[in-house]
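Note that these values count all heavy atoms, side chains included, but never hydrogens, waters or copies made by symmetry. Just so you know, ligand 1 is whichever comes first in the structure, and atom 1 is the first atom listed for that ligand.
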Amino acid sequence: MTTCLPKRALKALIPERFHQSVRLAGYRVAHYGTGRYCLCCNSRVRRFAPYGEAPRPEALCPVCGALERHRLVSLFLRRNMTRLMNPGPLLHVAPEPGIERQLRSLPGADYISTDLERPEVTTRSDITALPFAGESLGGLYCSHVLEHVADDRQAMEEFHRVLRPGGWAILQVPIGREETFEDPSIEDPALRRKLFGQCDHVRVYGRDFPDRLRGAGFSVTVTRPARAMPGGAAERLGVNTNEEVYLCAKAA
Ligand SMILES: [Zn+2]
């Protein structure tokens with residue numbers, strides 16, 4: 001006769017700091033397969049799950065919850081390790097778990113995080129008025145936040161201010177058209193969803209996004225990390241071949 005411990009009792013036996021890894025291990029077993037590989041949690045899974053208001057197929061990692069954009073940045077981080085390593089203080093804005101693990105493991109990174117509301121970050125702050133001294137950080141990562149911020153140019157200038165000369169920032173936003181469109185008078189959530197793509201977005205960025213970053217003082221390198229991948233590789237990794245990564249640098 002076998003004894004089957006209730007889930008709650010089993011959880012009580014395992015120290016709390018291991019709960020997350022035990023949970024991930026369970027998901028890895030449940031979703032194991034050879035069709036897809038998540039770069040954020042290093043899991044082999046059968047497929048990625050649909051996700052989004054209008055569900056996108058093959059979007060969500062069933063183990064760690066990473067989306068296409070997270071896996072693309074993960075690919076970028078792995079390929080550009082030499083350039084990005086040893087940043088010293090590295091700020092992660094509105095941290096996503098899959099990316100947090102990788103930024104924490106970047107050689108020479110002293111990881112800190114910030115968010116407007118979430119309590120579990122290093123320090124809560126508004127990115128248009130960061131509580132850091134000028135030239136005090138070596139790296140910064142902020143993804144899919146600026147489209148929620150009314151004065152995004154001020155946030156970009158803050159990012160530039162807090163970085164040391166030679167420091168880098170990866171600043172990602174959704175791109176929805178050729179030219180950025182914004183209208184601060186539009187406050188109706190339904191109209192914002194229609195025009196900007198989401199009820200809490202205040203603009204929709206266009207392909208001119210790097211110009212706005214350059215206006216804050218950055219030099220910007222635009223790459224498409226998944227563009228030239230061999231047949232089937234992008235699909236297996238669940239990344240978009242057209243999606244861009246914006247690597248910003250402050251002049252040394
Ligand atoms: Zn994953």
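No donor-acceptor contact under 3.5 angstrom links the side chains of T128 and D151, judged on distance only.
Around the Zn ion (ligand 1), protein N, O or S atoms at less than 2.8 Å number 4.
Summarising the local packing, CZ of R227 is surrounded by 12 or fewer heavy atoms from other residues, nucleotides or ligands at distances under 6.0 Å.
A tilted orientation is assigned to the rings of F196 and F181, their planes being inclined by 30° to 60°.
With respect to the salt-bridge test (charged N to carboxylate O, under 4.0 angstrom), the residues E100 and R104 qualify. Using a cut-off of 4.0 Å between Lys/Arg side-chain N and Asp/Glu carboxylate O, E182 and R177 are scored as not salt-bridged. Under a 4.0 Å N-O distance rule, the pair R203/D152 qualifies as a salt bridge.
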